[in-house]
Amino acid sequence: MSATRPLALVTGGTRGIGRATATALAANGWDLVVSFRADDVAAAETVRACEVIGATCAAIRADMRSESDIEALFAGADAIGPLRALITNAGIVAPKLRVDEYTAERIRDLFEVNTIGPMLCCREAVRRMSTRHGGPGGRIVNVSSAAARLGSPGEYVDYAASKGAIDSFTIGLAKEVADEGILVNGVRPGIIDTEIHASGGQPDRAQRLAHLVPLQRPGTVDEIAAVIVFLCSDAASYLCGSIIDVAGGR
């Protein structure tokens, strides 16, 4: 890491919103660590995209279901430089089902990745950034979903619940560490055109549901990344515990 560029860690940072956020942060003067679970090609492409902009970037494999992977991820970031921002973006959806069709395994998997993993990442970030622990302060941005307030009935209420938990956690953590130099905020994307819909078995979902959005279109990953970059900037110095909806009016 250069002496003048702060370091940010983006979980799930090699595709979709995560990659857009990593490259946007790189363009705004940040060095990066991005986590990924399986796709080595996407990881290498993201590293190259950030390095072309002039940033130092490292991709580290980490499964958000694994506490030891998360600890190793942050140890890897420590080797690059002092952490100044964390963006908890890694997340999954499951196939469209009603609640009366769920299994415990499905629910457990969603909460391990979407809720417990981000909470453990925040734990590691606070240990490094909090002035209580001798850190320099920093920013945490938790990526939630508009599903947290809409409920996603008939699609994935469990996913919505996992993101609702993140919203509550964001507000509580923000108040807990506000006087320790860390500003914690959240972003709630709406219907965004990313491959996460395909991973849930609905590749056409963003276009199919665009009519539900007052702006009559799905959002883009760059539109979400721009808000995250803002929350990591000096311009957001009085935002604490805020959850910003980026959902086209929905």
Side-chain angles (χ1 to χ4, degrees), residues 1-14 17-36 43 46-47 49-51 53-60 62 64 70-90 117-144 166 169-187 224-244:
M1 186 181 76
S2 70
T4 58
R5 296 177 69 98
L7 180 67
L9 192 162
V10 183
T11 67
T14 62
I17 291 171
R19 178 185 287 189
T21 298
T23 55
L25 285 167
N28 280 270
W30 291 78
D31 286 336
L32 278 304
V33 172
V34 294
S35 80
F36 71 104
T46 302
V47 169
C50 291
E51 289 178 343
I53 297 169
T56 296
C57 182
I60 299 175
M64 291 296 109
I70 289 169
E71 291 171 341
L73 170 64
F74 279 81
D78 292 341
I80 297 172
L83 186 67
R84 295 304 304 272
L86 166 67
I87 297 87
T88 64
N89 166 75
M119 292 173 72
L120 292 175
C121 286
C122 288
R123 179 194 73 186
E124 294 300 311
V126 169
R127 287 175 175 177
R128 288 159 172 80
M129 296 192 296
S130 169
T131 56
R132 182 179 183 179
H133 297 292
R139 306 295 174 90
I140 295 174
V141 181
N142 292 321
V143 179
S144 177
I166 283 296
F169 175 72
T170 296
I171 293 167
L173 179 62
K175 294 176 179 179
E176 189 165 282
V177 299
D179 65 349
E180 298 172 19
I182 305 175
L183 296 180
V184 182
N185 294 287
V187 173
I224 306 303
V227 177
I228 295 171
V229 171
F230 163 70
L231 288 172
C232 292
S233 74
D234 291 341
S237 58
Y238 204 59
L239 280 174
C240 177
S242 296
I243 302 172
I244 301 176

Asks: Take atom CZ in Arg123; do more than 12 heavy atoms of anything else shown fall under 6.0 Å from it?
Replies: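 Yes.
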Asks: Distance check, rounded to the nearest 0.5 Å: Thr11 atom OG1 versus Ile60 atom CD1?
Replies: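 Here the rounded value is 12.5 Å.
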Asks: Please walk me through it: do Asp31 and Ile80 pass side-chain contact (heavy atoms from CB on, under 4.5 Å)?
Replies: CA-CA 9 Å; Asp31 286 336; Ile80 297 172; 5.6 Å; no
Asks: Do the side chain of Arg139 and the main chain of Ser233 share a donor and acceptor less than 3.5 angstrom apart?
Replies: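 Side chain of Arg139 to backbone of Ser233, a donor-acceptor pair under 3.5 Å: yes, one is there.
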Asks: Report yes if the side chains of Cys122 and Phe169 come closer than 4.5 Å at any heavy-atom pair, otherwise no.
Replies: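 Of all side-chain heavy-atom pairs linking Phe169 with Cys122, at least one is under 4.5 Å.
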Asks: For Thr46 versus Arg19, what's the shortest heavy-atom pair and its separation?
Replies: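 Closest heavy-atom pair between Thr46 and Arg19: OG1-NE, 2.9 Å.
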Asks: Find out whether Val141 and Cys232 are in side-chain contact, i.e. whether some heavy atom of one side chain is under 4.5 Å from a heavy atom of the other.
Replies: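 The answer is yes, as the side chains (C-beta and beyond) meet within the 4.5 Å cut-off.
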Asks: In sequence, state the C-alpha distance, the side-chain angles, and the governing distance for Leu86 and Cys121, and then conclude on side-chain contact (heavy atoms from CB on, under 4.5 Å).
Replies: CA-CA 8 Å; Leu86 166 67; Cys121 286; 4.0 Å; yes
Asks: With rounding to the nearest 0.5 angstrom, report the CD1 to CG distance, Ile53 to Leu25.
Replies: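 Result: 10.0 Å between the selected atoms.
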Asks: Is there a side-chain contact between Val126 and Leu173, using heavy atoms and a 4.5 Å cut-off?
Replies: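 Result yes, sub-4.5 Å side-chain heavy-atom pair found.
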Asks: Tell me the closest heavy-atom pair linking Cys240 and Leu183, and the distance in Å.
Replies: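 Shortest heavy-atom contact: CB-CD2, 4.2 Å.
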Asks: Give a yes or no on whether the backbone of Gly137 and the side-chain of Arg84 come within a donor-acceptor separation of less than 3.5 Å.
Replies: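 Here the side-chain-to-backbone pair exists.
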Asks: For Glu180 and Ser130, work out which heavy atoms get closest and say how close.
Replies: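 Result for this residue pair: OE1-OG, 2.6 Å.
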Asks: Between Leu83 and Val33, is a side-chain contact (heavy atoms from CB on, under 4.5 Å) present by the stated rule, with each step listed?
Replies: CA-CA 9 Å; Leu83 186 67; Val33 172; over 6 Å; no
Asks: Drop me the distance from Ile70's CD1 to Thr88's OG1, to the nearest 0.5 angstrom.
Replies: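 Ile70 atom CD1 to Thr88 atom OG1 measures 10.5 Å (nearest 0.5 Å).
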Asks: Restricting to non-hydrogen atoms, name the atom on Ala24 and the atom on Val229 that form the minimum distance, rounded to 0.1 Å.
Replies: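 The answer is CB-CG2, 3.6 Å.
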Asks: How long is the gap from CZ on Phe230 to CG on Asn28, to the nearest 0.5 Å?
Replies: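 Nearest 0.5 Å value for the CZ-CG distance: 12.5 Å.
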Asks: What residue among Val187, Asn185, Leu231 forms side-chain contact (heavy atoms from CB on, under 4.5 Å) with Ser242?
Replies: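 Between Ser242 and the candidates, side-chain contact (heavy atoms from CB on, under 4.5 Å) is satisfied uniquely by Asn185.
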Asks: Which distance, rounded to the nearest 0.5 Å, do you find between the OG1 of Thr131 and the CG of Asp179?
Replies: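 Thr131 atom OG1 to Asp179 atom CG measures 7.0 Å (nearest 0.5 Å).
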Asks: Given side-chain contact (heavy atoms from CB on, under 4.5 Å), test Leu73 with Met64 step by step and report yes or no.
Replies: CA-CA 10 Å; Leu73 170 64; Met64 291 296 109; 4.2 Å; yes
Asks: Are side-chain heavy atoms of Ile228 and Asn89 found at a separation under 4.5 Å?
Replies: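 No, their side chains stay 4.5 Å or more apart.
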Asks: To the nearest 0.5 Å, what is the distance between CG on Asn142 and OG1 on Thr170?
Replies: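 One gets 3.5 Å once the value is rounded to the nearest 0.5 Å.
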Asks: Ala55 and Arg5: which non-hydrogen atoms are nearest, and at how many Å?
Replies: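 Reported closest heavy-atom pair: CB-NH2, 3.3 Å.
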Asks: Could you tell me which non-hydrogen atom of Arg127 sits nearest to which non-hydrogen atom of His133, and how far apart they are?
Replies: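 Closest approach of Arg127 to His133: O-CB, 3.4 Å.
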Asks: Check whether any side-chain heavy atom of Pro118 lies under 4.5 Å from a side-chain heavy atom of Ile166, and answer yes or no.
Replies: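 Contact flag for Pro118/Ile166 side chains = yes.
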